[in-house]
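In what follows, a single structure is set out as structure tokens and then discussed.
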Amino acid sequence: MGTNILLLFSDWSLTNSAITITETVAASSIIFTHFIAAGAAFFMLGFLYLAFRSNNTSVYLIDYTCYRPPDYLRASVPHFTEHIERTEGFSRENRDLQQKVLQRSGIGDEACMPIAVHELPPNTSFNPSQQEVEQVAFQVVKDLLSKHRINPKGIDILISNCSIFCPTPSITSMIINRFGLRSNVKSISLSGMGCSAGLISISMIKELFQVHKNSLALVLTMEAVTPNGYVGRAKSMLVANTIFRMGGAAILLSNKKQDKWRANYELQHLVRTHMGADEQSYCSVVQKPDEDDVVGVSLSKSLLHVAARALKINVSELGPLVLPYSEQLKYIWLVTCQKLCEKGRAKGEATVVVPRFKSAFEHFCIHAGGRAIIDGVEKNLKLEKEDGEASRMTLHRFGNTSSSSVWYELSYLEAKGRVKKGDRIWQISFGSGFKCNSAVWKSLAKVDPERKNAWSDRIHMYPVQMPDFS
């Protein structure tokens, strides 16, 4: 009887074990099947992504030229200070304010002003404004086309951007007339888009290249300083007098496959952020008349805060496109840990977690809008001082040249021999509206530092030691 019970118990145990093993195998099979399905879906998405990218037209940056003003247009700090003192219409308080901003701006004695601004009183009328635009635009376009022996009739797309000065006929029409471009050239003139307009022009070229294959495009990015002079009493409008300087750049782009061999860079990503729906952002940089009906550009006290918010949104979209997967996983892990730790921490004590963007880029070109802008971007992105060297040196030598500043910065890196084949460059621009734009370029060849550019004559003098006003 006992033996029969043991046999029955053993049979039941074996049967139960067999059922358990069968269930385990079935569960493992389901998990494996799900894993295979997920893997297949992942690779299918990857295939579709690559297929989409293969159909995406490449944007090759063949070359660019930055304007180098003649030395007689230099507005040194002592010269500028004297100019403010001798200009009628400024109170003692407003003169002191401009001098203080100028001394702390980070702008050196090499930065230049157009000839009309050197006059007393400054001539801000239409004719000198147009002369400044022609002086800059015609020179950089001529230098760029002649350097590569390009017939102007070979240009298929032409885009210009200049915010303050918007003449009729347009600036693109001025270039078409001067250089004799074709009658069917696609031309667009942008205005009122601030210091970020240069990368917006590149964005438009990118979109147009999707439609117009085998095309050669020319971009002119600049700002007219002459009509920007303000002689009123509003303090928020006086700051613009001290930071903007003369400059501009011409950029030659192509989507022709045969141009890849002679191109210096290829566009990888371009991300645009517009904060215009937010009232504080919209009003942070505004051209308007003051209470005495004198027109000027007002810079609000919230500008740095607005720029920081716009940068945060822009970076949140750019990050997944450029950061290595390992850095993204690390960032997600740190943010998760921070969220868990914040539950037992007082409000306001949390530190901001920022991905390590130096794992995605070798070089940074931060808009040289002012010392505070450069410092703020470095702080928000957790960058080192050397990462902002090109921006600080551009600000020191050329001042705030608005939309063209990121090209002077890239030119500085090239003149220093730092750009190697395969390097990735991040251009960051800010502008009225309020806008923050990012362009990512990949170097296709090592750029010869001996090649002539806007820095060639004085690159041996840089970097210079900048005063610390913190």
Side-chain angles (χ1 to χ4, degrees), residues 53 56 58-61 64 159 161 190 193-207 209 219 221 249 251 253 265-276 281 284-285 303-304 306-324 327-328 331 352 354-370 373-383 387-388 390-391 394 400-413 419 423-443:
R53 283 200 65 182
N56 206 10
S58 297
V59 179
Y60 299 117
L61 197 166
Y64 64 97
I159 296 180
N161 62 263
L190 302 177
M193 305 198 79
C195 301
S196 66
L199 295 188
I200 293 175
S201 295
I202 301 297
S203 177
M204 294 190 69
I205 294 293
K206 178 186 176 184
E207 299 301 324
F209 273 177
V219 170
T221 176
I251 304 108
L253 303 138
Y265 303 94
E266 182 178 3
L267 183 65
Q268 302 291 295
H269 305 284
L270 204 153
V271 176
R272 293 169 55 180
T273 301
H274 202 307
M275 303 285 289
S281 301
S284 60
V285 182
L303 179 58
L304 292 179
V306 166
R309 282 196 294 134
L311 177 65
K312 181 179 179 180
I313 295 173
N314 187 270
V315 163
S316 67
E317 185 177 346
L318 179 68
L321 300 175
V322 298
L323 289 169
E327 186 62 32
Q328 293 189 47
Y331 172 71
V352 178
V354 179
R356 195 171 65 90
F357 280 99
K358 293 190 72 171
S359 64
F361 304 106
E362 283 73 35
H363 309 289
F364 300 84
C365 296
I366 305 164
H367 168 53
I373 290 287
I374 300 171
D375 291 346
V377 173
E378 280 183 351
K379 180 181 178 181
N380 280 281
L381 297 180
K382 302 294 178 66
L383 301 178
D387 296 319
S391 302
T394 294
N400 180 354
T401 60
S402 188
S403 57
S404 64
S405 68
V406 292
W407 299 104
Y408 283 94
E409 292 158 17
L410 182 56
S411 184
Y412 176 87
L413 294 169
V419 181
D423 282 1
R424 296 152 299 178
I425 300 99
W426 183 8
Q427 291 179 325
I428 309 171
S429 67
F430 300 95
S432 58
F434 188 85
K435 298 180 285 293
C436 174
N437 300 322
S438 291
V440 178
W441 301 91
K442 181 179 179 181
S443 175

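Numbers here are sequence positions counted from 1.
- A 4.5 Å side-chain heavy-atom check between L267 and L61 finds every atom pair outside the cut-off.
- Note that CD of E317 and CZ of R272 are 11.0 Å apart. Values are rounded to the nearest 0.5 Å.
- Closest of all the heavy-atom pairs between S438 and W426 is OG-NE1, 3.0 Å.
- Between N161 and S201 there is a side-chain heavy-atom pair separated by less than 4.5 Å.
- Within the 4.5 Å cutoff, the side chain of L253 has no heavy atoms near those of the Y60 side chain.
- The only member of S196, S284, C195, C436 that meets side-chain contact (heavy atoms from CB on, under 4.5 Å) when paired with F430 is C436.
- Pairing each heavy atom of F361 with each of I425, the nearest pair is CD2-C, 4.3 Å.
- Taking every heavy atom of both residues into account, S281 and R309 meet most closely at OG-NH2, 3.4 Å.
- Summarising the geometry, atom OG belonging to S402 is positioned 6.0 Å from atom NE2 belonging to H367; distances are rounded to the nearest 0.5 Å.
- Distance check: S203 OG to L270 CG gives 5.0 Å after rounding to the nearest 0.5 Å.
- Side-chain contact between V377 and F364 is absent, with no heavy-atom pair separated by less than 4.5 Å.
- For E409 (side chain) and T394 (main-chain N/O), no donor-acceptor pair under 3.5 Å exists by modelled atom type.
- Not a single donor-acceptor pair under 3.5 Å links the side chain of S405 to the backbone N or O of T401.
- Within the 3.5 Å criterion, the main-chain N or O of I366 finds a donor-acceptor partner in the side chain of S391.
- No donor-acceptor distance shorter than 3.5 angstrom exists from the side chain of Y64 to the backbone of V219, with no hydrogens or angles considered.
- Put simply, the residue from V406, I374, N437, L381 that forms a side-chain contact (heavy atoms from CB on, under 4.5 Å) with I428 is L381.
- Residues W441 and V419 have side chains not in contact (no heavy-atom distance under 4.5 Å, counting atoms from C-beta outward).
- Nearest heavy-atom pair, M193 versus I200, reported as atom, atom and distance to 0.1 Å: CE-CD1, 3.5 Å.
- Summarising the geometry, atom CD1 belonging to I205 is positioned 3.5 Å from atom CD1 belonging to I159; distances are rounded to the nearest 0.5 Å.
- Between A307 and F434, the shortest heavy-atom contact is CA-CE2, 3.7 Å.
- Distance alone, capped at 3.5 Å, places no donor-acceptor pair between the D423 side chain and the E362 backbone.
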| Between V306 and M275, does a side-chain contact (heavy atoms from CB on, under 4.5 Å) hold up when you go through it step by step? | CA-CA 9 Å; V306 166; M275 303 285 289; 5.5 Å; no
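- Two residues are said to be in side-chain contact when any heavy atoms from C-beta on lie closer than 4.5 Å; W407 and Q427 meet this criterion.
- At distances below 3.5 Å, at least one donor-acceptor pair connects side-chain atoms of N380 with backbone N or O atoms of G376.
- Between L318 and V440, the closest side-chain pair of non-hydrogen atoms falls below 4.5 Å.
- Between V271 and N314, the shortest heavy-atom contact is O-ND2, 3.1 Å.
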